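The block underneath contains the structure these notes are about, expressed in structure tokens.
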Amino acid sequence: MNRLPKYAAGRPPAPVEGLTSYKLSSNENPLAPLPAVTEAIVRESGINRYPDAVATRLRTALGTFLDVPADDIVTGGGSLGALNQILAAFAGQQDDGTQDEVVYAWRSFEAYPISVGLSGARSVQIPVLADGRHDLDAMAAAVNERTRVVLLCTPNNPTGPALRREETERFIQSVPGHVLVVIDEAYQEFVRNPEAVDGIEMYRKYPNVAVLRTFSKAHGLANLRVGYSISHPDVTQYLRIAAVPFAVSTVAESAAIASLENFHQVVGRVQTLVDERDRVVAGLRELGWEIPDAQGNFVWLALGDSTPEFAAEAAARALSVRAFGTEGVRVSIGEAEANSRFLELCRSFTKVPQAS
């Protein structure tokens, strides 16, 4: 257990006299949930009772919203909870002591190695390309008889690019049918690349594809922990066994349903964040920074050895950012003032990185 990396949540900003502090270290939605969502939360009663273990109302609403069978949806405590259910069901250690393998890009979502390790499986990390994209050819080459699961994070957290439809489908076709390909789309609503893959489309076409989505990002329900997977019955029959009982509370279920029912408002709010993201990206490139294509609600600066210094200078400006050792910094899109202050920091910071 000591060999597992520790998950480091984004830290809140330290107060700086005279400045409003902003947290840009977690990929959260800076906007509050919709009023209809807040009203649904307030109306909810019966919290002295356990919730519906399989979140029937939410799965039914999602089935209608996504045009998929409700039985193909398994809820979890955020998309990470849904992922843990997949790994528990499909990857681990065999009776003879050999470990199954899980292939994924790196750097990617920092919880992946923790979740894979807890399942008993072995991580096979394939370095991302210089522009922050998945090296799908190398990932395909890494698949062998021990591979049970492949994780595709799109847009990739923390680097930002989204996988394209053509390259993803070619990759799926190259993988043996018994290997489960998990398309993690936590930031799907923020994607604007017209060539980006749609996980639901891939799930419809390929029985060995599962999709992860969440209400934490676009819907602004991070605190309530509502996520889900979509997969075919040959997969879901095992996920229901591995599912954590009562992972989605009745309050969370009602909030998620209310957000779905008002999705046109969610889309409008997401667009304001996408507009801010585009402003930040344009500002960075005007200043001479080379950054990967940003399709999530964050940008990536490959600062290398300058990472700690940049994070410290951000903290001095009442901004918290997510530093990854000496690799780089992920900065979430926040309030307009926070984004402008981040750009000012980048204007004065002299160590301009190369794309990574």
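Hydrogens, waters and symmetry mates are skipped; everything else that's a heavy atom, side chains included, is used. What you see is a predicted model; the values in this text were computed from it and never measured.
- Shortest non-hydrogen contact noted between P292 and R285 is O-NH2, 3.8 Å.
- R225 and S216 are linked by a side-chain donor-acceptor pair at a separation below 3.5 angstrom, with hydrogens and angles left out of the test.
- Closest approach of T214 to G78, counting heavy atoms only: OG1-CA, 4.3 Å.
- The OG atom of S332 sits 11.5 Å away from atom CG of L319, with the distance rounded to the nearest 0.5 Å.
- Heavy-atom contacts from other residues, nucleotides or ligands closer than 6.0 Å to CG of D275 number more than 12.
- A side-chain donor from one of N156 and T159 sits under 3.5 Å from a side-chain acceptor of the other.
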Task: Residue pair R107, E327: steps toward the salt bridge (charged side-chain N to carboxylate O under 4.0 Å, His left out) verdict - done: CA-CA 9 Å; R107 174 168 291 275; E327 296 178 60; 2.7 Å; yes

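- Side-chain atoms of D100 and Q93 include no donor-acceptor pair closer than 3.5 Å.
- Note that R240 lies outside the cation-pi zone of Y238, set by a 6.0 Å cut-off to the ring centre and a 45° limit from the axis.
- Smallest separation of non-hydrogen atoms from L136 and F171: O-CD1, 3.6 Å.
- The nearest pair of heavy atoms linking R133 to E167 is NH1-OE1, 3.5 Å.
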Task: Evaluation steps, salt bridge (charged side-chain N to carboxylate O under 4.0 Å, His left out), between E201 and R204 - done: CA-CA 5 Å; E201 179 187 358; R204 294 189 201 281; over 6 Å; no

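- Ring centroid separation for the pair F342 and Y22 does not come in under the 6.0 Å cut-off.
- The CZ atom of R170 sits 8.5 Å away from the CZ atom of R164 when rounded to the nearest 0.5 Å.
- The pair R341-E337 counts as a salt bridge, with a side-chain nitrogen and a carboxylate oxygen less than 4.0 angstrom apart.
- Ring to ring, F263 and H219 are close: their centroids are under 6.0 angstrom apart.
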Open item on the list: The test is salt bridge (charged side-chain N to carboxylate O under 4.0 Å, His left out); show your working for R165 and E169 and say whether it passes.
Closed with: CA-CA 6 Å; R165 180 187 300 106; E169 188 157 16; over 6 Å; no

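- The two atoms that bring A256 and V226 nearest to each other are CB-CG1, 4.1 Å, heavy atoms only.
- To the nearest 0.5 Å, the span separating OG1 on T168 from CE on M202 amounts to 7.0 Å.
- Atom CG of N262 is separated from atom CD1 of I257 by 12.0 Å, given to the nearest 0.5 angstrom.
- Between atom CG of residue L152 and atom CD1 of residue I172 there is a gap of 7.0 Å, rounded to the nearest 0.5 Å.
- For the atom pair T154 OG1 and I183 CD1, the distance stands at 8.0 Å (nearest 0.5 Å).
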Open item on the list: Applying salt bridge (charged side-chain N to carboxylate O under 4.0 Å, His left out) to R213 and E189, what does each step give before you reach the verdict?
Closed with: CA-CA 10 Å; R213 291 190 177 179; E189 294 90 348; over 6 Å; no

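- Residues F246 make up the rest of the hydrophobic cluster containing Y50, defined by ILVMFWY side-chain heavy atoms closer than 4.5 Å, directly or through other members.
- With hydrogens and angles left out, the side-chain atoms of N27 and Y187 include a donor and acceptor closer than 3.5 Å.
- Donor-acceptor pairing under 3.5 Å is recorded for the side chains of N157 and R330.
- Other residues, nucleotides and ligands place more than 12 heavy atoms under 6.0 Å from the CD atom of E145.
- Considering Q271, Q295, R277 in turn, R277 is the only one that fulfils the side chain to side chain contact (heavy atoms under 4.5 Å, CB included) rule with F190.
- Here the side chains of V266 and S259 are in contact, with some heavy-atom distance below 4.5 Å.
- Closest approach of V102 to Y104, counting heavy atoms only: O-CD2, 3.7 Å.
- The 12-atom threshold is exceeded at CD of Q94, counting heavy atoms of other residues, nucleotides or ligands nearer than 6.0 Å.
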